[in-house]
Amino acid sequence: MFEKQKVYDILSEALSFGGDFSEIFIEYNKKNNISFINGKADKIISGFDYGLGLRIFSGERIIYSYTNDLSYDHLMKMAREASLAADKNDGAVINDFVEKDYSGDSNRHKALIMPSDVERQVIADMLFDASNSAFKYSNLISQTNMGYFDSTQEVLIANSRGLWSRDKRVRTRAFISAVASSKTEKQRGYLGPGALKGLEFYDEIDLNEMAEEAARSAVTMLKADFCPGGKMPVVIDNGFGGVIFHEACGHSLEAAAIAKNASVFCDKLGEQIASEKVTAVDDGTIQNEWGSINVDDEGAEGRKNVLIENGILKSYIVDQFNGKKLNMGSTGSSRRESYKFAPVSRMTNTYIERGEDKAEDIISSTDYGIYAKYMGGGSVNPVTGEFNFAVNEAYMIRNGKIAEPVRGATIIGKGAEALMNIDMVSDNLRLAPGMCGASSGSVPVDVGQPMIRVNNITVGGRG
Amino acid sequence: MNIKEFKKIIFKEAEKHGITEFELFYQMDKNFKVSVFQGEIEKYYNNSSGGVSFKAIIKGKTGYAYSERLDRESVDFLLESVIKNSEIANDEGEYIYQGDEYYPEVNVFNERLDNYDPNFKIKLCKDIEKAALSYDKRIISVKSCFVGTNESETYIANSENLELFQKSNYASVYVLVTAEDGNIRKTGGEFWRGMDFGPINYVKIAENACRKALSLLGSEPVEKGEMNIIFKNEAFADILTTFMDCFFAENCQRGLSLLKGKVGERIASERVTIKDMPLFEGGFATRGFDSEGVASYNKTVIENGKLNTFLYNLKSAAKDNIKSTGNGFKASFKSASSTAATNFVFEKGEISFDELIYKLYDGLIITGLSGLHSGAEPISGNFSLAADGLLVKGGKVLEPVEQITISGNFFDVLKNILNVSDDLYFGMETSKGAVVCPSVLVKNINVAS
């Protein structure tokens with residue numbers, strides 16, 4: 001990808017006026033995006049992302065520059081200009097590079113069928129069929145949106161401490177959505193399967209079944225009444241339901257927030273922050289999982305980190321820069337969307353571990369509340385811990401039984417309180433892919449959990 | 001390779017492949033940003049990046065591709081990709097635009113902005129942080145504080161010999177503070193954008209952020225149920241941005257807008273007039289032409305409650321047999337054109353914000369909303385959102401409320417607007433456009449806590 005001598009020159013030029021660490025991140029990323037509306041091709045875009053991000057640490061300072069002019073002269077000029085922003089000369093030296101290559105045989109997350117080896121017509125047929133499956137499910141289905149995405153990202157990360165790591169990340173994802181309509185209402189059902197692997201993924205999943213499921217969800221919600229508002233128990237199903245942990249807790253454990261004293265979980269290591277039923281993990285090593293990594297975007301290998309064990313806070317999610325401030329080591333999950341972002345501590349595959357309760361007991365022991373089958377997205381303010389998220393498919397629970405569907409439910413709360421209020425955790429753990437947006441861009445992550453119950457939380461609704 | 005050379009080569013190569021209808025779109029952005037934490041530089045960013053996209057219509061079908069690399073290899077990649085992509089595309093009546101006779105001049109580039117060196121911006125950033133921290137002892141930290149400049153170049157060239165170029169720049173400032181009282185913590189942010197640092201009042205920017213955070217400290221209980229509320233301009237801008245898609249013709253044509261077929265009908269209270277104004281002086285989305293090369297002009301979308309027009313790009317206009325309204329925009333050079341507003345201006349009313357509060361008399365002022373990407377359904381208009389707000393009783397602002405949600409329907413909100421104040425707010429530019437709006441008084445919104 002790049003000659004070592006040139007990289008050496010750029011890394012040392014970047015430290016010419018000060019700074020204690022310099023790093024480059026070079027990215028070649030070929031992407032394909034295909035979307036279908038009502039079974040007809042809508043947008044088909046192929047792209048090539050290409051550029052270099054240069055990062056310098058100087059004391060408490062991060063200096064970052066990126067460009068897609070990768071000529072040697074331009075990069076040397078950019079490095080020199082960036083270096084001028086350093087505040088003191090720490091006499092940093094460049095160590096000899098130790099080569100690591102995760103792009104070939106030592107790739108834990110191999111792609112068997114490369115996106116470039118598959119004819120576009122094959123993908124088009126797949127999306128066309130999925131659209132048909134959704135329409136066939138019910139004549140209430142008025143529209144389908146089917147999407148396909150792949151990216152083949154090759155990176156080189158090299159730094160002044162001698163890191164020289166290459167990695168190749170092949171990801172693919174499908175977007176399955178069906179809209180059900182009545183005269184006055186439209187409701188959407190949605191599924192978005194994805195993996196860190198090649199197009200063999202589509203031999204393992206059935207998009208037609210998923211399209212039917214999206215259609216079923218849309219039709220169910222079309223007939224639903226508005227959800228009642230107020231405080232009540234909420235049972236959240238497995239899989240994407242894990243977004244509650246992601247928002248309510250995960251973001252507030254990221255070192256960037258901790259180092260700035262901008263999180264409700266500062267200084268809480270070793271303390272109980274969640275109910276004893278809760279053990280939570282961030283694991284970047286799960287083979288071929290959507291949120292997994294070989295190495296993070298500053299070259300540290302992915303790891304399995306226990307964040308909370310039986311309610312006790314065990315670890316934050318730590319990147320190199322904030323780790324230094326906190327006197328903690330990297331947890332191997334510093335990530336960035338592309339060369340245009342300085343990496344920072346982020347989640348990979350984050351989930352609540354299996355508990356000992358049974359899903360059926362959770363429902364049968366709830367007199368009155370909400371059963372959230374499919375969650376939508378959410379967000380959190382890490383400073384206050386206030387989070388919110390939408391429920392895409394919800395039902396009332398009455399007398400220990402799942403009753404009528406309700407729509408328009410939103411769940412809000414404060415992370416610290418919600419975690420303590422998890423009173424049941426079942427054993428049917430499942431993960432689900434999503435995109436997570438924060439200061440270093442949008443990165444692929446998994447959320448996950450078994451079915452859980454939060455015994456008292458605010459539900460927003462109109463009923 | 002510079003863009004002119006690149007254009008020459010790809011046009012020649014396209015013709016060699018027998019392609020006759022095509023368009024090249026180029027974008028180059030430079031941005032500088034410095035952020036400060038506790039009096040020290042925290043982040044210092046200086047970037048430049050851009051790229052090209054190429055669109056070709058082959059046998060009536062359109063293929064797209066983009067590249068961030070301007071070299072010979074990319075020419076081959078782009079051509080190979082557009083050919084392959086066009087093969088599975090759909091014949092949707094796309095065409096390459098011949099151009100307009102007249103393009104309006106817009107004032108979107110300030111040469112003097114380059115004269116502010118990094119040290120000026122660093123000092124400004126430190127001053128803002130200091131002003132925020134000294135405003136009130138309950139302001140415990142400044143979570144984020146940055147000063148930046150952006151410069152952007154756009155160039156369009158196509159097989160109809162159209163060639164357009166535009167350069168724009170702006171300066172921006174953002175500060176986000178944390179206020180704490182007892183065990184309640186709240187944040188408040190203020191964003192400023194302008195074409196020059198000259199008129200900036202940095203103390204006021206810092207104070208506004210602090211006031212917003214401080215005003216939320218407290219937790220008055222609120223009774224749940226239906227009530228009248230004021231959407232403060234900032235919160236209302238979020239609502240308008242979220243539901244703007246229903247005004248785009250392409251969504252009507254796809255059955256994704258409940259406003260389909262309602263041109264000429266009353267869809268909102270007579271207090272509602274909304275204009276799309278690409279020629280609005282000082283607007284954040286002011287431009288002389290859209291991403292498809294169509295000349296910009298101002299148009300009224302809703303006039304005193306009556307729907308006047310949808311917003312069109314070339315493709316959706318051709319479908320309805322009318323001329324494009326110049327709203328064919330790309331989120332970036334990487335995406336194909338779809339529809340977006342420019343400056344989406346909700347006309348202000350005649351009374352002040354204080355008078356609006358008196359008109360409300362009893363109810364809530366919603367100052368901020370979160371979860372718009374998940375708790376709002378752009379098609380049906382339904383929303384259920386976490387909100388920050390202030391309780392109003394007897395025309396007076398009382399304590400802030402905590403942990404509430406509001407729910408309703410956007411199309412009902414448009415109809416239920418009882419009054420509008422004169423406090424225009426300039427919302428941030430998004431890929432859908434930049435909303436400019438005042439605060440509005442709306443009846444019958446559901447509140448839960």
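Within every chain, numbering begins at 1; the chains are lettered A, B, ... in the order of the sequence lines, protein sequences first and strands thereafter.
The parts of B:Glu42 that come within reach of chain A are both its backbone and its side chain, each placing non-hydrogen atoms under 4.5 angstrom from that chain. Heavy-atom distances place both the backbone and the side chain of A:Ile412 under 4.5 Å from chain B. The contact between B:Lys224 and chain A is made entirely by side chain atoms (from C-beta outward), counting heavy-atom distances below 4.5 Å. In this structure, chain A has no heavy atom under 4.5 Å from any part of B:Ile445. For B:Glu226, no part sits under 4.5 Å from any heavy atom of chain A, backbone or side chain. If you measure heavy-atom distances from A:Val179 to chain B, the contacts under 4.5 Å come from the side chain alone. With a threshold of 4.5 angstrom between heavy atoms, A:Ala262 approaches chain B through its backbone and through its side chain. Heavy atoms of A:Gln121 lying under 4.5 Å from chain B belong to its backbone as well as its side chain. With a 4.5 Å cut-off on non-hydrogen atoms, A:Ile34 touches chain B through its side chain but not through its backbone.
By number of non-hydrogen pairs under 4.5 angstrom with chain B, the leading residue of A:Thr384, A:Val383, A:Val391 is A:Val383. Among the candidates A:Ile56, A:Asn68, A:Thr410, the residue making the largest number of heavy-atom pairs closer than 4.5 Å to chain B is A:Asn68. Most heavy-atom pairs under 4.5 Å with chain A, from the set B:Ser53, B:Ser67, B:Ser380: that is B:Ser67. When the candidates B:Ile406, B:Leu256, B:Leu258 are compared by the number of heavy-atom contacts under 4.5 Å with chain A, B:Leu256 comes out ahead. Your options are A:Gly377, A:Ala390, A:Gly53, A:Ser65, and the one with the most heavy-atom pairs under 4.5 Å with chain B is A:Ser65. The candidate from B:Ala376, B:Gly375, B:Ala336 with the greatest count of non-hydrogen atom pairs under 4.5 Å with chain A is B:Ala336. Between chain B and the options A:Arg188, A:Gln187, A:Glu81, the largest number of non-hydrogen pairs under 4.5 Å is found for A:Gln187. Counting heavy-atom pairs closer than 4.5 Å to chain A, the top-ranked of the candidates B:Val447, B:Leu385, B:Ile379, B:Leu372 is B:Ile379.
For B:Lys126, the NZ atom sits in a packed shell: over 12 heavy atoms of surrounding residues, nucleotides or ligands are nearer than 6.0 Å. Annotation: A:Lys77, atom NZ; neighbour count of heavy atoms from other residues, nucleotides and ligands within 6.0 Å does not exceed 12. More than 12 heavy-atom neighbours from other residues, nucleotides or ligands sit within 6.0 angstrom of CG on A:Asp125. Counting non-hydrogen atoms of neighbouring residues, nucleotides and ligands closer than 6.0 angstrom, the CZ atom of B:Phe411 exceeds 12 such neighbours. Atom NZ of A:Lys231 is surrounded by 12 or fewer heavy atoms from other residues, nucleotides or ligands within 6.0 Å.
B:Lys84 and A:Glu119 are not joined by a salt bridge, as no carboxylate oxygen comes within less than 4.0 angstrom of a charged side-chain nitrogen.
Of all heavy-atom pairs spanning A:Ala409 and B:Ser384, the tightest one is C-OG, 4.5 Å. Minimum heavy-atom separation, A:Thr458 to B:Gln403: CG2-O, 4.5 Å. In terms of heavy atoms, A:Gly460 sits closest to B:Ala448 at CA-CB, 4.3 Å. Nearest heavy-atom pair, B:Ser48 versus A:His74, reported as atom, atom and distance to 0.1 Å: OG-NE2, 4.3 Å. Of all heavy-atom pairs spanning B:Ile88 and A:Ala41, the tightest one is O-CB, 3.3 Å.
A salt bridge (charged side-chain N to carboxylate O under 4.0 Å, His left out) check over residues 28-41 of chain A, counting only residues at least two apart or in different chains, returns the pairs A:Lys31-A:Asp49.
Checked by atom type and distance alone, the side chain of B:Asn47 pairs as donor or acceptor with a backbone atom of A:Tyr66 at under 3.5 Å.
A:Lys43 places a side-chain heavy atom less than 4.5 Å from the side chain of B:Ser338. Here the side chains of B:Ser407 and A:Phe226 are not in contact, with every heavy-atom distance at 4.5 Å or above. Contact of the B:Lys334 side chain with the A:Ile45 side chain is not registered, since no non-hydrogen atoms from C-beta on lie closer than 4.5 Å. Within the 4.5 Å cutoff, the side chain of A:Asn388 has heavy atoms near those of the B:Ser374 side chain. Considering only heavy atoms from C-beta on, B:Glu87 stays 4.5 Å or farther from A:Ile44 through its side chain. Looking at A:Lys186 and B:Glu377, their side chains never come closer than 4.5 Å, going by heavy atoms from C-beta outward.
To the nearest 0.5 Å, atom OG of residue A:Ser263 and atom CZ of residue B:Arg185 are 8.0 Å apart. Taken from NZ in A:Lys340 to CG in B:Asp29, the straight-line distance is 7.5 Å, to the nearest 0.5 Å. Note that OG of A:Ser439 and NZ of B:Lys43 are 5.0 Å apart. Values are rounded to the nearest 0.5 Å.
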- Task: Check the pair A:Tyr339 / B:Ser49 against side chain to side chain contact (heavy atoms under 4.5 Å, CB included), numbers first and verdict last.
- Result: CA-CA 10 Å; A:Tyr339 69 91; B:Ser49 80; 4.2 Å; yes
- Item | Chi angles and distances behind the salt bridge (Lys or Arg N to Asp or Glu O under 4.0 Å) call for B:Arg254, A:Asp42 | CA-CA 11 Å; B:Arg254 287 174 181 164; A:Asp42 179 48; 3.0 Å; yes
- Task: Would you sort out whether B:Asn85 and A:Ser46 count as a side chain to side chain contact (heavy atoms under 4.5 Å, CB included), showing the intermediate values?
- Result: CA-CA 8 Å; B:Asn85 289 344; A:Ser46 304; 2.9 Å; yes
- Message: Applying side-chain hydrogen bond (donor to acceptor under 3.5 Å, both in side chains) to B:Ser141 and A:Asn261, what does each step give before you reach the verdict?
- Response: CA-CA 9 Å; B:Ser141 72; A:Asn261 193 23; over 6 Å; no
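A donor-acceptor contact under 3.5 angstrom links the side chains of B:Thr187 and A:Asn381, judged on distance only.
Under the side chain to side chain donor-acceptor pair (under 3.5 Å) criterion, A:Arg336 pairs with A:Glu23, A:Tyr64, sequence neighbours left out.
Close approach to chain A, defined as a heavy atom under 4.5 Å from one of its heavy atoms, is seen in B:Asn31, B:Phe37 of residues 31-38 of chain B, taken by number. Against chain A, the residues from residues 69-79 of chain B that qualify, each with a non-hydrogen atom under 4.5 angstrom away, are B:Arg69, B:Ser74, B:Phe77 in number order.
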